[in-house]
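For reference, the structure discussed in these notes is given below.
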Protein chains: 2
Amino acid sequence: MEPFTPRQNAVLECALQLLVAGGERALTTAGLARAANCSKESLYKWFGDRDGLLAAMITYQASKVRTPGPRDSMPTLDDFSRSLVVFAEDLMGVLGGDVSLALNRLAIGQADRDGAQLGALVREHGRLPIETRARALLELGRRHGYLKFSDTHEAYETLYGLIVRDNHVRMLLGESPAGLSEDRPRRARLAISQFFRLFGHGAQDIE
Amino acid sequence: MEPFTPRQNAVLECALQLLVAGGERALTTAGLARAANCSKESLYKWFGDRDGLLAAMITYQASKVRTPGPRDSMPTLDDFSRSLVVFAEDLMGVLGGDVSLALNRLAIGQADRDGAQLGALVREHGRLPIETRARALLELGRRHGYLKFSDTHEAYETLYGLIVRDNHVRMLLGESPAGLSEDRPRRARLAISQFFRLFGHGAQDIE
DNA sequence: AAATGAATGTACCGTACGGTACGGTTCCCG
DNA sequence: CGGGAACCGTACCGTACGGTACATTCATTT
């Protein structure tokens, strides 16, 4: 199901560029029409209104990301641990990406408007796929006896917290990513190491 | 050092109310003047321009929060653990508060503008005091032998991640705080329990 | 009481932007 | 070839908002 034509995708790509470059205030219908060599009338025909355009940008960006399903062939503990580290690095990479930051800022900036439409879209198309991928990974680990937990959601949230900490909000606030994306592999390994000490085989379940 | 007169404080309070109620788009100079029974000219005289007003709102709000310094009389392990739980509950309470969410949304929404002025203000007046309080607490715990870590910043970031997880961004995105602020004491105790398993006495330091 | 300073409220200006209308062009399909 | 659909570019409209100017009113001081 591809909800947009190639032409529309190109326009949306252009819109994302504008958003990343100059923030929401740089994303005007006139500006987008000029940058994408299309007419404002087409924009309104395709996306309804400006909010529709923003929503389309989010779903379009989400459609570009595909989550690699882990082949659940019997992995060794080392393989599994490496998979978690890869997930951690991927997560940090995604959250620190230009487009992700710009879209999250956009959705957060509009979180008061009618029903927080954009926030819901970001959660559904952006965060949920990541969560399902991670949950599958965690449950695979549990099935093989490498992890021990009772509540998958609880374990996932802990994993997320150990990986991301408050770096996401700091980046959203505009902190220079110099100190934040620094030594990403080391930070990933550290988080997974901590996670194993909380949920690894042999660790007691909480409470 | 009180940088604002009582009258200006009242106006800023009113501005915060407007911001919480309707988001940034509801905070217009004309609207604020009407709501606060002052003139636009006074607003510009006091705060320079709209950005100055936004900055003043942040510093004003920050001036209201005072971080209780822990009396470092020799606490028992139980006292100390309880202090951490209290910190965790306080942190969740602050981050989930109306005004905090509105101001963070405001700063994030303007993170592209000239130098991310607001983001820096939020970091300096909002997050830094919290961090210093927590660091003092952590080092107190280490001095008494209840905690074991080499890098205070690393320990603090882990603590923050265990407490907040991704709840802050989810709330910023507009997720109903129903499931998020649910059972806050339990979540606080859980986080501190996990933290002790990573950094408590007897735990091996990382790497 | 006069005067000075500050604050209010209203009116005004310029601009930027969302949304619409329209003429002209291209391209596809019968 | 002819007709229609889609689209481009531009021009236009209404409004909302940031910022300024000004006349009036209030309070404080001398």
Side-chain angles (χ1 to χ4, degrees), chain A residues 2-58 60 102 105-107 109-110 112-115 117-118, chain B residues 2-58 60 102 105-107 109-110 112-115 117-118:
Chain A
E2 185 78 14
F4 300 120
T5 70
R7 173 75 176 121
Q8 291 165 3
N9 281 340
V11 171
L12 291 174
E13 189 64 41
C14 200
L16 286 177
Q17 275 182 245
L18 283 179
L19 184 71
V20 168
E24 185 189 354
R25 59 194 315 112
L27 187 68
T28 67
T29 54
L32 175 59
R34 202 179 322 117
N37 288 323
C38 73
S39 68
K40 286 174 67 173
E41 196 166 10
S42 297
L43 293 181
Y44 284 95
K45 176 170 196 165
W46 294 334
F47 307 112
D49 57 3
R50 189 172 185 269
D51 287 353
L53 170 67
L54 302 182
M57 289 168 64
I58 291 177
Y60 164 68
R105 289 201 187 104
L106 179 67
Q110 309 245 336
D112 37 56
R113 299 269 307 178
D114 41 42
Q117 191 67 30
L118 295 187
Chain B
E2 186 79 12
F4 300 121
T5 70
R7 174 75 176 120
Q8 290 165 3
N9 281 341
V11 171
L12 290 174
E13 189 64 41
C14 200
L16 286 177
Q17 273 182 249
L18 283 178
L19 183 70
V20 168
E24 185 188 353
R25 59 196 312 114
L27 188 66
T28 67
T29 54
L32 175 58
R34 203 180 321 118
N37 287 323
C38 72
S39 69
K40 285 174 68 173
E41 196 166 6
S42 297
L43 293 181
Y44 285 95
K45 178 170 196 165
W46 294 333
F47 308 113
D49 58 1
R50 188 172 187 270
D51 288 352
L53 171 67
L54 302 183
M57 290 169 62
I58 291 178
Y60 164 68
R105 288 200 187 105
L106 179 66
Q110 309 245 338
D112 38 57
R113 298 269 306 181
D114 40 44
Q117 190 67 30
L118 295 187

Could you tell me how far apart [X] ([atom1]) and [N] ([atom2]) are, to the nearest whole angstrom?
{"X": "A/Tyr44", "N": "C/dC17", "atom1": "OH", "atom2": "C1'", "value": "8 Å"}
{"X": "B/Lys45", "N": "D/dG19", "atom1": "NZ", "atom2": "C1'", "value": "16 Å"}
{"X": "A/Arg34", "N": "D/dA11", "atom1": "CZ", "atom2": "P", "value": "13 Å"}
{"X": "B/Leu54", "N": "D/dG18", "atom1": "CG", "atom2": "C1'", "value": "12 Å"}
{"X": "B/Leu43", "N": "D/dG19", "atom1": "CG", "atom2": "P", "value": "11 Å"}
{"X": "A/Leu27", "N": "C/dA16", "atom1": "CG", "atom2": "P", "value": "17 Å"}
{"X": "A/Leu32", "N": "C/dG19", "atom1": "CG", "atom2": "C1'", "value": "14 Å"}
{"X": "A/Phe47", "N": "C/dG19", "atom1": "CZ", "atom2": "C1'", "value": "16 Å"}

How close do [X] and [Y] get, heavy atom to heavy atom, and via which atoms?
{"X": "A/Ala102", "Y": "A/Val20", "result": "CB-CG2, 4.0 Å"}
{"X": "A/Leu43", "Y": "A/Cys38", "result": "CD2-SG, 3.8 Å"}
{"X": "A/Asn9", "Y": "A/Tyr60", "result": "OD1-CD1, 3.4 Å"}
{"X": "A/Ala35", "Y": "A/Leu18", "result": "CB-CD1, 4.1 Å"}
{"X": "B/Val11", "Y": "B/Leu32", "result": "O-CD1, 3.8 Å"}

Quick one: side-chain hydrogen bond (donor to acceptor under 3.5 Å, both in side chains) partners of B/Glu24, sequence neighbours excluded? B/Arg50, B/Gln110
Could you give all pairs that pass the side-chain hydrogen bond (donor to acceptor under 3.5 Å, both in side chains) test and reach residues 25-41 of chain A, with sequence neighbours left out?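 Output for this query lists A/Ser39-A/Ser42.
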Whichever of A/Gly48 and A/Arg25 has the more 5' nearest nucleotide on DNA chain C, that residue is A/Arg25
Within residues 10-20 of chain A, find the residues that approach DNA chain C with a heavy atom at under 4.0 Å, and present them sorted by residue number.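 Of all residues in residues 10-20 of chain A, none places a heavy atom under 4.0 Å from DNA chain C.
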Heavy atoms, side chains only, cut-off 4.5 Å: are A/Leu54 and A/Leu27 in contact?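 Yes - at least one pair of side-chain heavy atoms lies under 4.5 Å apart.
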Under 4.5 Å between any side-chain heavy atoms of A/Leu12 and A/Phe47, yes or no? yes
Hey, what do you get for CD (B/Gln8) to CD (B/Glu13), rounding to the nearest 0.5 Å?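 Those atoms lie 14.0 Å apart.
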Between the two end axes of the helix from C/dA1-D/dT30 to C/dG30-D/dC1, each built from 5 base pairs, what angle do you get to the nearest 10°? 10°
Ignoring backbone atoms, establish whether A/Thr29 has a side-chain N or O less than 4.0 Å from OP1 or OP2 of C/dG18. yes
Could you work out, with salt bridge (charged side-chain N to carboxylate O under 4.0 Å, His left out) as the rule, every residue matching B/Arg113, not counting sequence neighbours?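 With neighbours one apart ignored, the set is B/Asp51.
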List, with names and distances, any nitrogen or oxygen atoms from the protein found under 3.5 Å away from nitrogen or oxygen atoms belonging to nucleotides 8-12 of chain C.
unit_1 : atom_1 : unit_2  : atom_2 : d
C/dT8  : OP1    : B/Arg7  : NE     : 3.2
C/dT8  : OP1    : B/Arg7  : NH2    : 2.5
C/dT8  : OP1    : B/Asn37 : O      : 3.4
C/dT8  : OP2    : B/Ser39 : N      : 3.4
C/dT8  : OP2    : B/Ser42 : OG     : 2.8
C/dG9  : O6     : B/Glu41 : OE1    : 3.0

